[in-house]
Amino acid sequence: MLETLSRARCTGGFTGDTAAYGPGSYDVNGAVVVGVDMAGTAGSTTDGCDGLTNNVAGRIVLVDRGNCTFKTKTLRAQEAGAIGVI
């Protein structure tokens with residue numbers, strides 16, 4: 001399931017910011033797709049802790065909280081070609 005997410009639709013309490021690592025600017029417009037991974041370390045296939053197995057290139061990846069650091073999740077998404085992580 002893909003949905004285009006734009007700044008205009010992110011109203012009502014949602015905020016965004018850059019990480020303390022990575023690029024200083026970014027484009028928040030893009031399709032959102034759930035990241036599916038290999039479930040190697042944490043047992044979940046949607047936490048983004050292991051290499052992503054579905055096509056996320058050029059998209060914003062949605063992952064579950066927990067099981068590993070957000071830095072690990074963003075690294076896995078970046079390795080797979082994602083443009084952002086939620």
Side-chain angles (χ1 to χ4, degrees):
M1 179 176 128
L2 298 178
E3 180 181 348
T4 299
L5 184 64
S6 67
R7 186 181 302 266
R9 293 189 54 210
C10 289
T11 60
F14 294 101
T15 60
D17 201 356
T18 56
Y21 52 91
S25 64
Y26 55 94
D27 181 358
V28 296
N29 294 310
V32 176
V33 62
V34 173
V36 178
D37 66 34
M38 296 181 268
T41 58
S44 171
T45 59
T46 55
D47 61 12
C49 293
D50 298 289
L52 298 175
T53 60
N54 60 323
N55 181 14
V56 299
R59 299 179 175 143
I60 300 168
V61 180
L62 178 66
V63 295
D64 294 335
R65 283 187 81 157
N67 299 329
C68 65
T69 65
F70 192 69
K71 188 172 184 176
T72 297
K73 296 169 189 293
T74 56
L75 177 61
R76 299 294 175 247
Q78 182 181 20
E79 290 170 342
I83 61 171
V85 179
I86 299 172

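Small disclaimer: the values here were computed from a predicted structure and weren't measured.
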**Complete:** Taken to the nearest 0.5 Å, the spacing of N67 CG from T72 OG1 works out to 11.0 Å
**Request:** Flag yes if L62 and V36 sit in one hydrophobic cluster, no otherwise; membership is Ile, Leu, Val, Met, Phe, Trp, Tyr, and two members link when side-chain heavy atoms are under 4.5 Å apart.
**Result:** no
**Asked** Do you know the tightest heavy-atom contact between D37 and G48?
**Response** OD2-N, 2.8 Å
**Spatial distance of atom CE (M38) from atom OG1 (T45) [nearest 0.5 Å]** = 12.0 Å
**Message:** Using 0.5 Å steps for rounding, measure from the CD1 atom of I60 to the CG atom of N29.
**Reply:** 7.5 Å
**Prompt:** salt bridge (Lys or Arg N to Asp or Glu O under 4.0 Å): which pairs involve residues 77-86, sequence neighbours left out?
**Reply:** R76-E79
**Item:** Heavy-atom closest contact (G66 atom, C49 atom, distance)
**Value:** O-SG, 4.0 Å
**Message:** So, using side-chain contact (heavy atoms from CB on, under 4.5 Å) as the criterion, who are the partners of V63 when residues are at least two apart?
**Reply:** V61, K73, V85
**Message:** I'd like to know if the side chain of N54 reaches the main chain of V34, judged simply by a donor and an acceptor atom lying under 3.5 Å from each other, with no hydrogens or angles considered.
**Reply:** yes
**Item:** Atom of A80, atom of V56 and distance for their closest heavy-atom approach
**Value:** CB-CG2, 3.4 Å
**Asked** What residues, two or more places apart in sequence or in another chain, satisfy side chain to side chain donor-acceptor pair (under 3.5 Å) together with D64?
**Response** T46
**Request:** Please name the pair of heavy atoms, one in G30 and one in I83, separated by the smallest distance, quoted to 0.1 Å.
**Result:** CA-CD1, 4.4 Å
